[in-house]
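Just below is one structure, and these are the notes that go with it.
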Protein chains: 2
Amino acid sequence: MTTTPSHDSIRAVLWRGDRLRLLDQRRLPFVEDYLDCTTPAEVAQAIRDLVVRGAPAIGIAAAWGVVLAARRGSDALAEALPMLRAARPTAVNLMWALDRMQRAIAAGADALALESEAQAIQDEDLAANRHMGELGAALLGDGVGVLTHCNTGSLATAGFGTALGVVRAGVSSGRITQVFAGETRPWLQGARLTMWELVRDGIPATLISDSAAAHLMASGKVQWVIVGADRIAANGDTANKIGTYQLAIVARHHGAKVMVVAPWSTVDLETPTGADIEIELRDPAELLSHAGQRTVVDGAVAWNPVFDVTPASLIDAIVTERGVVSSPATSGMRHLA
Amino acid sequence: MTTTPSHDSIRAVLWRGDRLRLLDQRRLPFVEDYLDCTTPAEVAQAIRDLVVRGAPAIGIAAAWGVVLAARRGSDALAEALPMLRAARPTAVNLMWALDRMQRAIAAGADALALESEAQAIQDEDLAANRHMGELGAALLGDGVGVLTHCNTGSLATAGFGTALGVVRAGVSSGRITQVFAGETRPWLQGARLTMWELVRDGIPATLISDSAAAHLMASGKVQWVIVGADRIAANGDTANKIGTYQLAIVARHHGAKVMVVAPWSTVDLETPTGADIEIELRDPAELLSHAGQRTVVDGAVAWNPVFDVTPASLIDAIVTERGVVSSPATSGMRHLA
């Protein structure tokens, strides 16, 4: 019996009645620091700066940003919506949450009603994650090893997690016997955040360098690669953290399967294929320094795309709270709409 | 016209008449510090601690370690040989150089003759690299983009480099128009060392995270992956820095070719296949900390294999100073012996 606080106690995004409290994920796992946002501009900045990250969590934070704007009047609201929308380009959950808030505004919602709408977005995400955990875990065989990438847990969502929710459900039901996490350069979400969540939950897990995935798979220890998503196109092509595409190719080479786990808010039927998804390029400095210390010679150039697109043909199952799409390359996503 | 000192001025391993001077590669690119070794134990420690790394450079350093031992008498020599041999397990150049020194000892070489032998090993490595540079560059088409991994340049050899020698020759002849380097976790040899060499040489190059290789290849910018080797088995299977196997799978998926460049001293005909190569596991701390600062939660476990094996079937050409083996899976390496 462990007394370590579990994932249930992690709240990356927390509404405090008059302000939005964000767990500062830049400082984890060693400093548990919170940033309070009282304006939509502060929320947009926190999204840009990765104080809060993970597609669902970004959407939820943006919805609360709209609530903060609404409390400042209609001018503030009109200004906040495009600003929040532009905070990051790849995760469609951001656009989805803002669209939903805008529909509520158009229907005449006042600040209090918008607060209920944001809370509903957050609550529904948590419920969706628990449901996806069940659906995803049911797809696994018995005694499987899984590899996950980036962080898709409580920190990336309203709680429990998407891919990490399936890992939690699969470990809890005994189907998963080994968990591996890629460290996820350059921001080390796997090393810093996923390992933190797993250790807190008492789930034995092993960290690997992103480069060691193929070598690990060659040993036969991985049956499933389980990842989240930042945008799923209508045909099932999936944008996710840089390195996901590489893992999917390597998994196919070794006969391991690939599961994408994301709420329906991540599915973008307006985007026909992965080729239509904008991939965010972040500051090359993220590759040129570690912890504020420069590691690469002056004059060096770096290319820092932080997402890539895995074609549907390399994905075995996409799990959403609306159901599972097996072999998405065959059917695409529309039939779940 | 640039006045930046070029690769010709980099000497990772330098005999100083009575001591071995090693450029401390742990501190590059910002501190150019040297470590003087006067005993074989210091040389073995420097190899273990990655003061000097890169398969050919390790072999050369070990040969000089034998010279230092010989100057201390036959007891020191008998003790030094197994100690140097055990310093690192995967790179066969270490065993090859020590075997060669042992043959000279058996033939009655005194300390002075052993000094000549070590110098010959070092000089021959430099000559081999220049020759391999020509051979490898001749295999490239025109206007190609290349991706390299780890550091295989002057720092890893007696000078010029193996894979990076081919890059130098290919850039110099105009065949290569774009160079990409993977940062190479966990030790960041690509970020810290390869980018340093390339910037010094005025070769425009772009650093990527190891995870971005597939996304880069999907853009069509890479025609060749060019890597070194730590051991090449008789059938052409190649042990090299962790991540190489993953790059080879991903290259094959995109129709890019894979070239392995290594001196004949890296070929181990006593090892039938890659399955027989011992893969070094290093301290998990290399994944759990950055620059002495812990980055991963306490209690986390990591797995840190620092090499992997790329099967010959995923390699298009192995370049040695004895010639090129195209499609090594067909013929293996023995016909060059």
Side-chain angles (χ1 to χ4, degrees), chain A residues 28-30 149 180-186 188 191-192 195-200 204-216 218 241-250 252-254 279 284 286-288 290-291 293-305 307-309, chain B residues 28-30 149 180-186 188 191-192 195-200 204-216 218 241-250 252-254 279 284 286-288 290-291 293-305 307-309:
Chain A
L28 289 174
F30 292 108
H149 191 57
F180 297 92
E183 60 175 355
T184 317
R185 286 284 297 150
L188 299 171
R192 295 192 304 108
M195 292 304 289
W196 183 67
E197 290 202 35
L198 291 172
V199 166
R200 276 171 76 107
T206 302
L207 180 70
I208 63 167
S209 75
D210 301 317
S211 275
H215 183 53
L216 176 67
K241 180 58 50 198
I242 189 76
T244 303
Y245 172 42
Q246 195 147 311
L247 289 178
I249 295 168
V250 165
R252 179 62 52 92
H253 184 84
H254 292 95
I279 297 296
E286 291 183 351
L287 282 169
L288 300 172
H290 279 288
Q293 255 191 306
R294 178 100 186 179
T295 44
V296 186
V297 66
D298 291 330
V301 172
W303 181 61
N304 186 24
F307 301 98
D308 59 26
V309 173
Chain B
L28 288 175
F30 293 107
H149 190 58
F180 298 92
E183 60 176 354
T184 317
R185 286 285 296 152
L188 299 172
R192 295 192 304 107
M195 291 305 289
W196 183 68
E197 289 202 36
L198 292 172
V199 166
R200 277 170 75 106
T206 303
L207 180 69
I208 63 168
S209 75
D210 301 319
S211 274
H215 182 54
L216 176 67
K241 181 56 51 195
I242 188 76
T244 303
Y245 173 39
Q246 196 148 311
L247 289 179
I249 294 168
V250 165
R252 180 61 54 91
H253 184 83
H254 291 96
I279 297 296
E286 292 182 350
L287 282 169
L288 300 172
H290 280 289
Q293 256 191 305
R294 179 99 184 181
T295 45
V296 186
V297 67
D298 291 330
V301 171
W303 181 59
N304 186 24
F307 301 98
D308 59 25
V309 173

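Chain letters run A, B, ... following the sequence lines, proteins first, then strands; residues in each count from 1.
Contact annotation for B/F180: neither backbone nor side-chain heavy atoms come within less than 4.5 Å of a heavy atom of chain A. Heavy atoms of A/L198 lying under 4.5 Å from chain B are absent altogether. Interface residue B/L287: backbone and side-chain heavy atoms are both found under 4.5 Å from chain A. Proximity to chain B is absent for every atom of A/N304, based on heavy atoms less than 4.5 angstrom apart. Contacts of B/A205 with chain A are made by backbone atoms alone, with heavy-atom separations under 4.5 Å and no side-chain atom involved. Proximity to chain A involves both the backbone and the side chain of B/R294, based on heavy atoms less than 4.5 angstrom apart.
Each of B/H290, B/M195, B/R192 has some count of heavy-atom pairs under 4.5 Å with chain A, and the biggest count is that of B/H290. For the set B/D298, B/L288, B/I242, the count of heavy-atom pairs under 4.5 angstrom toward chain A peaks at B/I242. Here A/P29 is the residue among A/A218, A/P29, A/P305 with the most heavy-atom pairs under 4.5 Å with chain B. In terms of heavy-atom pairs under 4.5 angstrom with chain B, the leader among A/G299, A/G182, A/G243 is A/G243. Your options are B/D210, B/V296, B/D308, and the one with the most heavy-atom pairs under 4.5 Å with chain A is B/V296.
Ring orientation note: the planes of B/H254 and A/Y245 are nearly perpendicular, at an angle over 60° on the 30°/60° scale.
Taking 4.5 Å as the limit, every side-chain heavy atom of A/S211 sits out of range of all side-chain heavy atoms of B/K241. For the pair A/V301/B/L207, no side-chain contact is recorded, criterion being any heavy-atom separation below 4.5 Å from C-beta on. Within the 4.5 Å cutoff, no side-chain heavy atoms of B/H253 are placed close to those of A/V250. A 4.5 Å side-chain heavy-atom check between A/I279 and B/H215 finds at least one atom pair inside the cut-off. With a 4.5 Å cut-off on side-chain heavy atoms, A/E197 and B/V297 do not count as touching.
By the side-chain hydrogen bond (donor to acceptor under 3.5 Å, both in side chains) test, B/S209 is found to be paired with no residue, residues two or more places apart in sequence or in another chain being considered. Every residue two or more places apart in sequence or in another chain that forms a side-chain hydrogen bond (donor to acceptor under 3.5 Å, both in side chains) with B/E183 is listed here: A/R185.
Between atom CD1 of residue B/I249 and atom CD1 of residue A/I249 there is a gap of 9.5 Å, rounded to the nearest 0.5 Å. Between the CH2 atom of B/W303 and the CD1 atom of A/I208 there is a distance of 7.0 Å, given to the nearest 0.5 Å.
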